[in-house]
Number of protein chains: 2
Amino acid sequence: MPVSDLTNSAQDYLKLIWTATEWSTTPITVTVLAERMGVRPSTVSDSIKKLKDQGLLTHAPYGTIELTPAGSAHAVDMVRRHRLLETFLVQVLGYGWDEVHDEAEVLEHAVSDTMIERIDQHLGHPTRDPHGDPIPSADGQPHRPGAIQLGHAEPISEVTVVRISDADPAMLRYFSDIGLTPDAQLTIHQQRPYTDTTTITLSGQQKNIDLGPAASSAVWVTTSLINSRHGQEHIVETTTGESSARK
Amino acid sequence: MPVSDLTNSAQDYLKLIWTATEWSTTPITVTVLAERMGVRPSTVSDSIKKLKDQGLLTHAPYGTIELTPAGSAHAVDMVRRHRLLETFLVQVLGYGWDEVHDEAEVLEHAVSDTMIERIDQHLGHPTRDPHGDPIPSADGQPHRPGAIQLGHAEPISEVTVVRISDADPAMLRYFSDIGLTPDAQLTIHQQRPYTDTTTITLSGQQKNIDLGPAASSAVWVTTSLINSRHGQEHIVETTTGESSARK
DNA sequence: GTTCAATGTTAGTCTTGCCGAACTTGGATG
DNA sequence: CATCCAAGTTCGGCAAGACTAACATTGAAC
Ligand SMILES: [Mn+2]
Ligand SMILES: [Mn+2]
Ligand SMILES: [Mn+2]
Ligand SMILES: [Mn+2]
């Protein structure tokens, strides 16, 4: 049951496979896994085979990769570790939200279960990390709020930022500068299909801001009807289901 | 210069070789190194050869092992990491002093230089770890106080506890129970050579306590004349030199 | 001064994680 | 429906770190 008998690399694979389907439904591929792990596809193929032999995922050659319940449990454990550590670094050691990901990526494999529980306690059992991502509870329940990417939000609507991908630190610094952080409220003015930009205004500000495709797919916002001015997707918040957005 | 380009195992070897001569002058052997690393002597032989090839230590076959300046710098860096982490775990996360060693042993390889500096700052640049061991400064200066093992202290004298070896957690718990911690003052009553026990009284208490050889070699006390009633070793505190005790 | 046991070294093997090169597969394209 | 190519797989090899078994050295005891 404890995650500790897996190698660091196995822990990273499971976490990566799990998070790949946290905010999207497109299945993870060997190539994407290789890019994200910083290794060659042949290495991923080998590793996947070993994880399959350990009963942590299912995979037929050239087929899709899917976690077993056991693999998923380990993955959720790693996600919990990662996000608690990120939160700890920001809250206790004064890190910026753009600095914590890489540090947590290493620490998540090194801290003991005891230390994770002490951190959780010290922070008062936080439910979201500095990027707005939900922190699974100790019993392995992830609580996924319904959300869509900013670039897919309906104009004109008023939405709340749910989470921001922590993949690009430079982008996170830009977002801090303009005040675009989790829980920020903003108005979607326009989606320009050909230039692929989204025009928004942060609530309390006058200035319009244009976000390119990279930025508007990194930011996820509420899908609920609350605060909306026009009708758009009527997607009910859920803790387990998928949220799908109309193109 | 950064320690990070060494493997975890190389970092542990260097740290172990360095700490072996921190409180004693007897040179480290392959067998002792193997015991402390939890590996076979043949493994140590191989590893030592690699570290020698990297210019981190000197070693002729069947000869003594000694760190080069480069090896020593890495070792001191690791000792600083280890002791800062131990201090952090006690001060911030509420660990007991008997719980921190194993956690720090893993973490020391995982935290970044940045995190170490932030921890140092957060703690206000502490100079001693929870076991009384000196924390080398960032520029690599270890400050070694003169100290001798409790079992070698002259009766009858009054001494202060300088440091206690953190090797045995159960022993540390016993020491907490009786109030024997760094900076505690105590009176040495008797050294019994054949039963190998030391009789002490903690200041503020009446009760005599008998400590066996394991306990009285784990505890190191002041060598200075301060507080002494009889004359004993006249060893002046120093930051760089060796302290030698008369047998 | 020999002897011999403890200490240390060497050689061969395993596992993990990675690589490049060569091969296989399957779906998109015409 | 045949082709082709990107995606995925297999294979051999390498380095690190560990082991066991066999061999070498040292120095303490006699
Ligand atoms: Mn990781
Ligand atoms: Mn995060
Ligand atoms: Mn260590
Ligand atoms: Mn310590």
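Values in this document were obtained by computation on a predicted structure and should not be read as measured data. Atoms considered below: every heavy atom in the structure, side chains included; atoms not considered: hydrogens, waters and symmetry mates. Proteins get letters first, then strands, A, B, ... in listed order; numbering begins at 1 in each.
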### Task
Check the pair A:T197 / A:T195 against side-chain hydrogen bond (donor to acceptor under 3.5 Å, both in side chains), numbers first and verdict last.
CA-CA 6 Å; A:T197 55; A:T195 60; 3.3 Å; yes

### Query
Tell me: CG of A:D46 to P of D:dT10, nearest whole Å?
8 Å

### Task
Could you tell me the separation between the CD atom of B:Q54 and the C1' atom of D:dA16, rounded to a whole number of Å?
11 Å

### Query
How close or far is atom C1' of D:dA15 from atom NZ of B:K50, stated in whole angstroms?
8 Å

### Query
Does any N or O donor sit under 3.5 Å from an N or O acceptor when you compare the side chain of B:S42 with the base of D:dT20?
yes

### Message
Taking 4.0 Å as the cut-off, does a side-chain nitrogen or oxygen of B:S45 come that near to OP1 or OP2 on C:dG8?
### Response
no

### Task
Using atom CG of B:L6 as one end and atom P of D:dG17 as the other, report the distance to the nearest whole Å.
10 Å

### Task
Under 4.0 Å between any heavy atoms, over every strand shown, what does A:S47 touch: base, sugar-phosphate, or nothing? Just pick one.
nothing

### Message
So if I take every side-chain heavy atom of A:P61 and compare against C:dT9, D:dA18, D:dT9, which nucleotide ends up nearest?
### Response
D:dT9

### Task
Rounded to the nearest angstrom, tell me the gap between atom CD in B:E35 and atom P in C:dA6.
14 Å

### Message
Rounded to whole Å, please give me the gap between NZ in A:K52 and P in D:dG8.
### Response
16 Å

### Message
Other residues, nucleotides and ligands only: do more than 12 of their heavy atoms fall within 6.0 Å of CD on B:E66?
### Response
no

#### Entry: B:W97 and B:H131 aromatic ring geometry - parallel, tilted or perpendicular at 30°/60° bounds
parallel

### Query
Once you round it to whole Å, what is the distance between C1' of D:dA16 and CD1 of B:I48?
15 Å

### Query
A:E86 and A:D133: side-chain contact (heavy atoms from CB on, under 4.5 Å), yes or no, with the steps?
CA-CA 11 Å; A:E86 283 189 345; A:D133 282 311; 6.0 Å; no

#### Entry: Protein-nucleotide distance (B:I65, atom CD1; C:dT7, atom P), rounded to Å
14 Å

### Query
For D:dT20, does either OP1 or OP2 sit under 4.0 Å from a side-chain N or O belonging to B:R40?
yes

### Message
With a 4.0 Å limit, can you tell me whether B:K49 has a side-chain N or O closer than that to the phosphate oxygens OP1/OP2 of C:dT10?
### Response
yes

### Task
Under 4.0 Å between any heavy atoms, over every strand shown, what does A:P41 touch: base, sugar-phosphate, or nothing? Just pick one.
base

### Query
Counting side-chain heavy atoms from CB outward, which of D:dC19, C:dT9, D:dG8 is closest to B:V30?
C:dT9

### Query
Got a sec: does the CD of A:Q190 have more than 12 other heavy atoms crowding it under 6.0 Å?
yes

### Task
Using only heavy-atom distances, decide whether a donor-acceptor pair under 3.5 angstrom links the side-chain of A:Y62 to the base of D:dT9.
no

### Task
Would you tell me if any nitrogen or oxygen in the side chain of A:H59 comes within less than 4.0 Å of OP1 or OP2 on D:dT9?
yes

## Note on the structure
On DNA chain C, more 5' by nearest nucleotide between A:V39 and B:V32 is B:V32

